[in-house]
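Data block below; observations after.
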Protein chains: 2
Amino acid sequence: MNNNIRVLLVDDHPVVRAGLRAMLADFEGVQVVAEAADGGAALAELSKLHTLGEPVDVVLMDLQMGPGMDGVTATGKIKAGEAGTPPPPVRILTTYDNDADILAAVEAGASGYMLKDAPPEQIRQAVVSAAAGQTALAPEVAARLMGRIRNPVHALSAREVQLVELLATGMSNRAMAKQLFISEATVKTHLVHIYGKLGVDNRTAAIAVATQRRIIRNQ
Amino acid sequence: MNNNIRVLLVDDHPVVRAGLRAMLADFEGVQVVAEAADGGAALAELSKLHTLGEPVDVVLMDLQMGPGMDGVTATGKIKAGEAGTPPPPVRILTTYDNDADILAAVEAGASGYMLKDAPPEQIRQAVVSAAAGQTALAPEVAARLMGRIRNPVHALSAREVQLVELLATGMSNRAMAKQLFISEATVKTHLVHIYGKLGVDNRTAAIAVATQRRIIRNQ
DNA sequence: GGCCCAATCAGCCAAACGGTTGATCCGCGG
DNA sequence: CCGCGGATCAACCGTTTGGCTGATTGGGCC
């Protein structure tokens, strides 16, 4: 009989996979049955294990994965049943916590979001609770999201986000005005509002903060 | 007798430490004798092992390490002998490759720069060659530095890279001048040179280009 | 229907920034 | 030894940005 939680690791770093494998090996009732270096390989592994009659109970997935399919896309496909399996719970396990990634992952169907600097016990909990069908966020992540919800004052409007995006490409006020078919005065007004909401007092600091919070995506 | 290479791991992620430990355990002649979660702990470990008569042959060091002392600072202190030991070779093992980090690490005395997505064999090589007193860069890193050397016209100097880094944090000319203990005039001169080399005409565009070319890190 | 807010625009003034010219000092390499 | 390039600083000037006050329009909401 089998009381084990069967885990699929998805991460492009061999070092991280080895670390998780070693960590989870120390825990009773958890078993790493397969690994994948990107989203495409993860889907293939899920499918293969399904046809072998050895289904996966939990997927531990990184988000940033070099050249291959990223974690959000892969999570979405898994949840859409594209692996040909009943979708197992997907736990995101990544390095950085930023609003955009978290929201995207949750929207794609992830059941939780953990950080790689978590202590082993937290990671074990993540796997166990995922297998039990529960959702869970790392404490740091949960705290930040709560702050977000409580503080809608600092949320940029869609137009303001648009401005920040252009800002980050290095455009002048005049250039942004032309691009958006508005006057420079309006651009300046938007910028002042943006500075206020982001708690900065110049455009480069606004870019820094917006990048850090992943309000905008770069590259 | 002891033919082993004695390694100290320095990384704030338990997962990564476990991964490296597991990987290196598979290799003959390599032995992880201690671990540290930040630069301060690394110095303490070096010192402790030295007094025990069990010196460290190679340090594998991460750069970004959360709240504690960062890897560049720690490398500098180790190389300055602040651990009370003959300085062992320090190999940087980090996630991102960008000129700013590489230059800072090499300047601090690191003997090599590896990326965490490297395959196990490359990581083993890094440890072995470091123990042999050689310097080594990851292929990706080496390729980019070669590009710099072949194209020195558009290559930023170390000082200029430093400026761009501060620039990207949103600092004003005055703030950068204070931070670097130079005059605003000098800051402006550097910026003009940077604009010329990057082919832009303002600071935000400089940040955009520098980020895209991985002259600075984008987080 | 009245209210709030995002989006739009104007004008003004001070501060910061960008462009230029020119200068000194220092280390490295032919 | 002499030149070259990097790093440092100064003065000047025009342009851009930031900070402020105020105004209009249109959409959503109670």
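Just so we're clear, the structure is a prediction, and the values are computed from it rather than from any experiment. Heavy atoms only: backbone and side chains are in, while hydrogens, waters and symmetry mates are out. Numbers restart at 1 for each chain; the letters A, B, ... are given by sequence-line order, proteins then strands.
Phosphate proximity of dC5(C) to Ser157(A): absent, as no side-chain N or O sits under 4.0 Å from OP1 or OP2. Distances shorter than 4.0 Å separate none of the side-chain N or O atoms of Tyr195(B) from OP1 or OP2 on dG19(C). Contact annotation: Arg159(A) side-chain N/O to dT8(C) OP1/OP2 distance is under 4.0 Å. Proximity of His193(B) to the phosphate of dG6(D): no side-chain N or O atom is located under 4.0 Å from OP1 or OP2. Remark: Asn173(B) is not in phosphate contact with dA16(C), judged by side-chain N or O atoms under 4.0 Å from OP1 or OP2.
For the pair Leu191(B) CG and dT20(C) C1', the interatomic distance rounds to 15 Å; values are reported in whole Å. Put simply, CD on Gln162(A) is 12 Å from C1' on dA7(C), counting in whole angstrom units. Atom CD of Glu160(A) is separated from atom C1' of dT8(C) by 13 Å (rounded to the nearest Å). What separates CG of Leu163(B) from C1' of dC9(D) is a distance of 14 Å, to the nearest Å. Arg174(A) places its CZ atom 8 Å from the P atom of dT17(D), with the value rounded to the nearest Å. One interatomic measurement links the two molecules: NE2 of His190(A) to C1' of dG18(D), which rounds to 16 Å at whole-angstrom precision. In this structure, Ile194(B) places its CD1 atom 11 Å from P of dT8(D), rounding to the nearest Å. Here the P atom of nucleotide dA7(C) and the CG atom of Leu156(A) are 10 Å apart, to the nearest Å.
Sorted by first then second residue, the side chain to side chain donor-acceptor pair (under 3.5 Å) pairs that include residues 182-191 of chain A, not counting sequence neighbours, are Arg174(A)-Glu184(A), Ser183(A)-Thr186(A). Listed by first then second residue, pairs satisfying side chain to side chain donor-acceptor pair (under 3.5 Å) with a partner in residues 40-53 of chain B number zero, not counting sequence neighbours.
Among residues two or more places apart in sequence or in another chain, the side chain to side chain donor-acceptor pair (under 3.5 Å) test is passed with Asp57(A) by none. With sequence neighbours excluded, the residues forming a side-chain contact (heavy atoms from CB on, under 4.5 Å) with Asp12(A) are Asp62(A), Met65(A), listed by chain and number. Glu165(B) pairs by the side chain to side chain donor-acceptor pair (under 3.5 Å) definition with nothing, not counting sequence neighbours. Legend: residues meeting salt bridge (Lys or Arg N to Asp or Glu O under 4.0 Å) with Glu35(B), ordered by chain and number and at least two apart, are Arg17(B), Arg21(B). Among residues two or more places apart in sequence or in another chain, the side chain to side chain donor-acceptor pair (under 3.5 Å) test is passed with Thr73(A) by Asp70(A).
The residues Asp11(B) and Lys116(A) are annotated as not salt-bridged, no charged nitrogen and carboxylate oxygen being separated by less than 4.0 angstrom.
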Pairs under 3.5 angstrom only: tabulate donor-acceptor contacts from the side chains of residues 118-136 of chain B to other protein residues two or more places apart or in another chain.
from	atom 1	to	atom 2	distance (Å)
Glu121(B)	OE1	Arg124(B)	NH1	3.2
Glu121(B)	OE2	Arg124(B)	NH1	2.6
Glu121(B)	OE2	Gln125(B)	NE2	3.4
Ser129(B)	OG	Arg91(B)	NH2	2.6
Ser129(B)	OG	Gln125(B)	O	3.0
Ser129(B)	OG	Ala126(B)	O	3.4

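The line from OG1 of Thr75(A) to CG of Leu43(A) is 9.5 Å long, rounded to the nearest 0.5 Å.
Each end of the helix from dG1(C)-dC30(D) to dG30(C)-dC1(D) gets its own axis, taken as the rotation carrying the C1' atoms of four end pairs onto the next four within a five-pair window, and the two axes meet at 50° to the nearest 10 degrees.
Of the residues in residues 176-186 of chain A, none lies under 4.0 Å from DNA chain D by heavy-atom distance.
When all heavy atoms of Ile207(A) and Thr211(A) are compared, the closest pair comes out as O-OG1, 2.6 Å. Minimum heavy-atom separation, Met61(B) to Ala74(B): CE-CB, 3.8 Å. Nearest heavy atom pair, residue Leu137(A) against residue Tyr113(A), reads CD2-CB, 3.6 Å.
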Next item on the list: Could you encode protein contacts along nucleotides 24-30 of chain C as a string, one character per nucleotide from 5' to 3', using B for base contact, S for sugar-phosphate-only contact and - for no contact, with a heavy-atom cut-off of under 4.0 Å?
Entry: -------
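Side-chain polar atoms of Gln64(A) and Thr95(A) form no donor-acceptor pair below 3.5 angstrom.
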What protein N or O atoms touch nucleotides 20-29 of chain D N or O atoms at under 3.5 angstrom, if any, and at what distances?
none

